[in-house]
Novice: 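I have a structure I would like to understand better, so I am pasting it below and will then ask my questions one at a time.
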Protein chains: 2
Amino acid sequence: MATSTAAERRAEERRAYDAFLSECASHNLLDQISNKWVTLVISALGEGPKRYSDLARAIPGVSQKMLTQTLRIIERDGLVTRTVTAAVPVRVDYALTDLGDSLRALLGKVKCWAEEHMDFVYLAREAYDAREEQTAVAALNRKS
Amino acid sequence: MATSTAAERRAEERRAYDAFLSECASHNLLDQISNKWVTLVISALGEGPKRYSDLARAIPGVSQKMLTQTLRIIERDGLVTRTVTAAVPVRVDYALTDLGDSLRALLGKVKCWAEEHMDFVYLAREAYDAREEQTAVAALNRKS
DNA sequence: CGGTATCCGCCGAGATACTG
DNA sequence: CAGTATCTCGGCGGATACCG
């Protein structure tokens, strides 16, 4: 019997894709660490250990939720350590592990690359947009 | 007159955030290049120029829409070139620019890092999950 | 072949309120 | 201070159909 409904086919493809993902686990990990917040948090932690609220201030635009979520993920992966100091008020420090620091070195280079070539990219975008506008105008002329 | 409604405050904050984003453009670019599909496309193009359909086959799990969208983005940023050969059927080749290739080198290192340390990360995850389960059990005991 | 256009489900992420 | 819990909503991305 053939799997005829769209739902069944979708489920099957989904399973195939999941199988691929768990098989090719490096893509999985790559996806995790090439996340925006992960990059920023690890970069911020490069200067040394920081408290939760320090991180929140050091990373503009991050919400409480995303900061906590990101920290949990990279803690689980063994990239940062979480140290709770029982006091009033409670104090929680985050620090890079050796593994986390080795990744920071790499991501730092990517960050530098982005900063170095930003000007070029922005010029490229302007040029591209200008060309786009021209072709749009040309298309309009052809219609009229 | 104070901006009293929640909608007004939200709009204002949104504008402030947008201003921050365009001001701190490096984060913007960082977000772009640390995208899953961007990473995979640039990596695939590292082996040399490829046709559209080659890319689709080389990157498992990518949809037509996302492939096209991703290619447009990195073409606009000047990371790849798009060459149309007028023939029947049409042939379109994509190739890395020098800028794109320099980024590929960096992302390649990150990819290598991921492959090298994957085992460690997976062990760390298991250890973390085991600890989590323990604390969950402890919490249950305290309740009963 | 190499796209564009359109609809839509789903979930990621922000806002808000509450806790130890 | 450092979270957790819950709701809501925009938009990412998949499916489908159609063009040059």
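Any value given below was found using the heavy atoms of this structure, including those in side chains, with hydrogens, waters and symmetry copies removed. Per chain, numbering begins at 1; letters A, B, ... match sequence-line order.
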Novice: Rounded to the nearest 0.5 Å, how far apart are CG of A:Leu30 and CG of B:Leu40?
Specialist: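 With rounding to 0.5 Å, CG (A:Leu30) is 7.0 Å from CG (B:Leu40).
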
Novice: So, is B:Arg51 close to the C:dG2 phosphate, meaning a side-chain N or O under 4.0 Å from OP1 or OP2?
Specialist: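 Yes, B:Arg51 has a side-chain N/O under 4.0 Å of OP1/OP2 on C:dG2.
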
Novice: Looking only at non-hydrogen atoms, find the nearest pair between A:Lys50 and A:Ala44 and report the distance.
Specialist: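 Result for this residue pair: NZ-O, 3.2 Å.
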
Novice: Which one, D:dC1, D:dA2, C:dG3, comes nearest to the side chain of A:Pro89?
Specialist: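 Among the listed nucleotides, the one closest to the side chain of A:Pro89 is D:dC1.
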
Novice: Does a nitrogen or oxygen in the side chain of A:Ser53 sit under 4.0 Å from OP1 or OP2 of D:dA2?
Specialist: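 The answer is yes; a side-chain N or O of A:Ser53 sits under 4.0 Å from OP1 or OP2.
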
Novice: In residues 65-84 of chain A, which residues come under 4.0 Å of DNA chain D by heavy atom?
Specialist: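 When residues 65-84 of chain A is checked for heavy atoms under 4.0 Å from DNA chain D, the hits, listed by number, are A:Thr68, A:Arg72, A:Arg82.
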
Novice: Measure the distance from CD1 on A:Ile59 to P on C:dA13 and round it to the nearest whole Å.
Specialist: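 Spelled out: CD1 on A:Ile59 to P on C:dA13 is 14 Å.
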
Novice: Name the pairs: protein N/O against N/O of nucleotides 18-20 of chain C, kept only if under 3.5 Å.
Specialist:
none

Novice: Show me the side-chain donor-acceptor pairs of residues 68-75 of chain B shorter than 3.5 Å, one per line, residues at least two apart or across chains.
Specialist:
residue : atom : partner : partner atom : Å
B:Thr68 : OG1  : B:Tyr52 : OH           : 3.0
B:Thr68 : OG1  : B:Gln64 : O            : 3.0
B:Thr70 : OG1  : B:Met66 : O            : 2.6
B:Arg72 : NH2  : B:Tyr94 : OH           : 3.4

Novice: Assess A:Arg125 against A:Tyr122: is NZ or CZ under 6.0 Å from the centre of the six-membered ring, and within 45 degrees of the ring's axis?
Specialist: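 Yes, a cation-pi geometry holds between A:Arg125 and A:Tyr122.
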
Novice: Looking only at non-hydrogen atoms, find the nearest pair between A:Ile33 and B:Ala114 and report the distance.
Specialist: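 Answer, listing the atom of A:Ile33 first, then B:Ala114: CD1-CB, 4.3 Å.
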
Novice: Which heavy atom in B:Ser43 sits nearest to a heavy atom in B:Lys111, and how many Å separate them?
Specialist: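 Taking B:Ser43 first and B:Lys111 second, the nearest heavy atoms are OG-NZ, 3.8 Å.
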
Novice: Any side-chain heavy-atom pair from B:Ile42 and B:Leu79 closer than 4.5 angstrom?
Specialist: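 Of all side-chain heavy-atom pairs linking B:Leu79 with B:Ile42, at least one is under 4.5 Å.
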
Novice: Which nucleotide in the set C:dG3, D:dG14, D:dG3 lies at the smallest distance from any side-chain heavy atom of B:Tyr94?
Specialist: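 The listed nucleotide nearest to B:Tyr94's side chain is C:dG3.
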
Novice: Looking at every heavy atom in both A:Leu29 and B:Met118, which two are closest together, and how far apart are they?
Specialist: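 Minimum heavy-atom separation between A:Leu29 and B:Met118: CD2-CG, 3.8 Å.
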
Novice: Could you tell me how far apart B:Asp31 (CG) and D:dG11 (C1') are, to the nearest whole angstrom?
Specialist: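 Value for this atom pair: 14 Å.
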
Novice: Between D:dA2 atom P and A:Lys50 atom NZ, what is the distance in whole Å?
Specialist: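 The answer, rounded to whole Å, is 14 Å.
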
